[in-house]
Amino acid sequence: MCSCSKNIYTYEKLSEIKDFLTEKISIQPKIGVICGSGLGSLGNAITDAVWINYADIPDFPVSTVEGHVGRFIFGCIRGVPVACMQGRFHYYEGYPLSICAMPVRLMKLFGISHLIASNAAGGLNPKYKVGDIMLQKDHFNLMGLAGLGPHIGPNDSRFGPRFFSMSNAYDEIILTKAKQIVERLNMQDKVHEGIYTCVGGPNYETVADVKALINLGVDAVGMSTVHEVIAARQCGIRCFAFSLITNVCSAEYGVDCTDIHSEAVLEVGKQMQEELQIFVEEVVEAISQDN
Ligand SMILES: O=P(O)(O)O[C@H]1O[C@H](CO)[C@@H](O)[C@H]1O
């Protein structure tokens, strides 16, 4: 499947899906939350929750990756109505980027104004350790340079203009608030601010890949988020994203990185779940106070 194949998730199709879901919920979400690999427990912060499996939504794709439950949770975090995705779609699952990013457009139809995206990522910056958190200051759109994106093909202006700026992709105001939260929660020793990139995957990087990405100024590498943020910015959603560093990538030959596997990635998520849940709760509250 290529990124430019016909996008079946038209405005009309997403409106149908939205209507189907609206009948099952009683809130109007204001913030979208996407849980990264092993970070599904962020959904534990949600009260008055209604769970809807992707498999039960007509014409919806399913999550095929371990660590992605594959359901929406609609409910409240600290009283703020949210739509939370416990499981996202990745390019390497065979979904074009337009489908990977489609839930963001769906959440826009629900009226979300903000997106909080999380991911598991490999640390490229030599200062990063396993279990650290990187607040995304920006991303480097590697797949975009290769001509791949969620918005390739005919443009429906109801999802935003064809040409749009990505200069404030990660909202500076939310990032500043998140950094204040980090200080308040005394997490500053393990939190960094940096640049994320998305590769196609699902294999992890060679040493040459790692060296090249470091030279490009990238601090953490994963296989998601960038296209979600592009779709979000196109339709005017303000974005905040963070990476949990689940492994460090070696830029040296002879360092054994063969223990990088998805179970190890998920395990780090489990270890950090309580701390990250509180962090996300605080960010949601801070965003809601901004409005
Ligand atoms: O980006 P999320 O969904 O957190 O998942 C990350 O973890 C998986 C690799 O272990 C890849 O899917 C990578 O993108």
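Counting begins at 1 with the first residue of the sequence. Whatever order the structure lists ligands and atoms in, that order sets their numbers, starting from 1.
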Exercise for the section: May I ask you to check whether S243 and N119 show a side-chain donor-acceptor distance below 3.5 Å? Expected result: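 Yes, side-chain donor-acceptor contact under 3.5 Å.
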Just to confirm my output: which protein heavy-atom neighbour is closest to [atom], and how far is it?
atom	answer
atom 1 (O) of ligand 1	S224 OG, 2.5 Å
atom 7 (O) of ligand 1	S37 OG, 3.1 Å
atom 12 (O) of ligand 1	Y92 OH, 2.5 Å
atom 2 (P) of ligand 1	R88 NH1, 3.3 Å
atom 14 (O) of ligand 1	M223 N, 2.9 Å

Exercise for the section: Using a 4.0 Å heavy-atom threshold (strictly under), name the region of Y204 that reaches ligand 1: side chain, backbone, both or neither. Expected result: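 Y204 to ligand 1: side-chain contact only, backbone stays beyond 4.0 Å.
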Exercise for the section: Check N119 against ligand 1 and report side chain, backbone, both or neither, counting heavy atoms closer than 4.0 Å. Expected result: both
Practice task
Quick one: which residue pairs count as a side chain to side chain donor-acceptor pair (under 3.5 Å) with a foot in residues 28-38, not counting sequence neighbours?
Solution key: S37-H68
Problem - Flag side-chain contact, heavy atom, 4.5 Å: I230 against P150 - result: yes
Would you call the rings of [X] and [Y] parallel, tilted or perpendicular if under 30° counts as parallel and over 60° as perpendicular?
X	Y	value
Y170	H139	perpendicular
F242	F240	tilted
F89	Y54	tilted

Practice task
Would you confirm whether E205, through its side chain, and C249, through its main-chain N or O, come within 3.5 Å as a donor-acceptor pair?
Solution key: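 Looks like no, no N/O pair under 3.5 Å.
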Problem - Proximal ligand 1 atoms for V265, defined as those under 4.0 Å from one of its heavy atoms - result: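 What qualifies from ligand 1 is 10 (O).
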Completion exercise
Among H90, E66, E228, E93, the residue with a heavy atom nearest to atom 3 (O) of ligand 1 is H90
Exercise for the section: With sequence neighbours excluded, tell me which residues meet side chain to side chain donor-acceptor pair (under 3.5 Å) with Y128. Expected result: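 Side chain to side chain donor-acceptor pair (under 3.5 Å) check on Y128 returns nothing, list empty.
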Handout entry: ligand 1 to S118 polar contact by distance, N or O atoms, under 3.5 Å
Key =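 It does not: no N or O of S118 is found under 3.5 Å from an N or O of ligand 1.
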Handout entry: Nitrogen or oxygen of G36 less than 3.5 angstrom from that of ligand 1
Key = no
